[in-house]
Amino acid sequence: MNSNKFAKLHSIIFALLLCLGFTDVAAKPRIAVLDFELKDLTLLPRIPTEITRTASIKPMLENELKKSGYEIVSITPAAQQQANAGIGYLFDHPDVAAQLGNKFGADYALVGRLHKPVFCFSILWLIWSMSKRKL
């Protein structure tokens with residue numbers, strides 16, 4: 001093999017190795033945002049406006065995460081309902097939420113709850129779960 005062909009082959013191998021080294025760094029983290037739950041402890045729980053307000057949190061959060069460079073993974077409502085053994089289950093069991101996110105290819109799963117102890121006060125709770133371990 002002459003030196004010119006060797007130099008070209010060396011350059012191609014170096015370029016391929018360089019590209020392979022940067023693929024994981026350039027990958028956007030994939031996040032699954034699950035539906036937010038409403039934990040309403042007021043005297044008039046689960047009024048329609050509060051349910052609508054709670055449902056509006058997920059799309060707003062997904063939009064902000066997209067703007068910040070994250071890739072959003074969609075989980076079907078049927079799959080989320082099947083994994084959820086009851087109200088608050090996925091929030092209280094982040095390992096199950098992580099497994100659900102993993103099934104859909106997410107690196108992280110985000111579970112949220114809007115806790116409303118009184119009419120004029122709400123608390124937004126978020127739990128992050130790692131779905132996949134990157135080596």
Side-chain angles (χ1 to χ4, degrees):
M1 185 182 274
N2 66 26
S3 62
N4 191 23
K5 286 184 180 178
F6 181 73
K8 284 183 182 180
L9 182 62
H10 180 70
S11 297
I12 291 171
I13 291 172
F14 179 73
L16 286 172
L17 289 173
L18 192 61
C19 289
L20 288 174
F22 287 116
T23 55
D24 197 28
V25 173
K28 294 180 181 179
R30 297 172 47 90
I31 298 177
V33 180
L34 303 180
D35 293 333
F36 278 67
E37 293 183 339
L38 173 62
K39 185 173 183 179
D40 193 345
L41 303 176
T42 63
L43 295 175
L44 292 172
R46 303 190 55 80
I47 58 174
T49 54
E50 201 62 47
I51 293 170
T52 302
R53 187 177 303 127
T54 303
S56 72
I57 297 171
K58 178 183 174 181
M60 286 190 298
L61 180 60
E62 287 178 334
N63 189 33
E64 291 302 316
L65 287 170
K66 284 179 192 176
K67 287 180 187 177
S68 297
Y70 294 97
E71 185 178 339
I72 303 301
V73 175
S74 295
I75 294 181
T76 62
Q80 185 174 338
Q81 187 176 16
Q82 185 179 12
N84 199 359
I87 296 174
Y89 183 79
L90 292 174
F91 186 83
D92 293 333
H93 296 89
D95 56 322
V96 177
Q99 290 171 3
L100 178 62
N102 196 23
K103 286 181 185 177
F104 286 83
D107 298 317
Y108 302 93
L110 176 66
V111 184
R113 174 188 283 171
L114 182 66
H115 181 73
K116 189 171 181 183
V118 293
F119 287 109
C120 60
F121 182 71
S122 295
I123 304 168
L124 184 63
W125 294 85
L126 300 171
I127 305 267
W128 288 89
S129 301
M130 183 177 233
S131 297
K132 295 180 184 175
R133 291 205 172 255
K134 291 187 177 185
L135 301 176

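The structure presented is a predicted model; accordingly, all values stated were derived computationally and were not measured. Throughout, numbering of the chain's residues begins at 1 and tracks the sequence.
The CD1 atom of Ile31 sits 11.5 Å away from the OG atom of Ser129 when rounded to the nearest 0.5 Å. Rounded to the nearest 0.5 angstrom, His115 NE2 and Leu41 CG are separated by 5.0 Å. Rounding to the nearest 0.5 Å gives a distance of 11.5 Å between CG of Leu126 and CZ of Arg113.
For the pairing with Thr54, the side chain to side chain contact (heavy atoms under 4.5 Å, CB included) check across Asp40, Leu114, Thr49, Leu124 returns one residue only, Leu114. Between Leu34 and the options Ile127, Leu100, Leu110, a side chain to side chain contact (heavy atoms under 4.5 Å, CB included) holds for only Leu100.
In this structure, Ile47 is not a member of the same hydrophobic cluster as Leu38, with clusters built from ILVMFWY side-chain heavy atoms closer than 4.5 Å. In the hydrophobic clustering of this structure, Val73 does not group with Met60; members are Ile, Leu, Val, Met, Phe, Trp, Tyr whose side-chain heavy atoms approach within less than 4.5 Å, directly or through other members. Hydrophobic clustering (side-chain heavy atoms under 4.5 Å, transitive across Ile, Leu, Val, Met, Phe, Trp, Tyr) groups Ile57 together with Val33. Cluster membership for Val118 and Leu44, using ILVMFWY side-chain heavy atoms within less than 4.5 angstrom, is not shared.
Counting heavy atoms of neighbouring residues, nucleotides and ligands inside a 6.0 Å radius, atom CZ of Phe104 exceeds 12 of them. The 12-atom threshold is not exceeded at CD1 of Ile87, counting heavy atoms of other residues, nucleotides or ligands nearer than 6.0 Å.
With sequence neighbours left out, Arg53 forms a salt bridge (Lys or Arg N to Asp or Glu O under 4.0 Å) with Glu50. With sequence neighbours excluded, the residues that form a side chain to side chain contact (heavy atoms under 4.5 Å, CB included) with Asp35 are Lys58, Gln80. Partners of Tyr89 under the ring pair (Phe, Tyr, Trp, His ring centres under 6.0 Å) rule, at least two apart in sequence or in another chain, are His93.
Not a single donor-acceptor pair under 3.5 Å links the side chain of Glu71 to the backbone N or O of Lys28.
Residues Asn84 and Phe91 are not in side-chain contact: their nearest non-hydrogen atoms beyond the backbone lie 4.5 Å or more apart.
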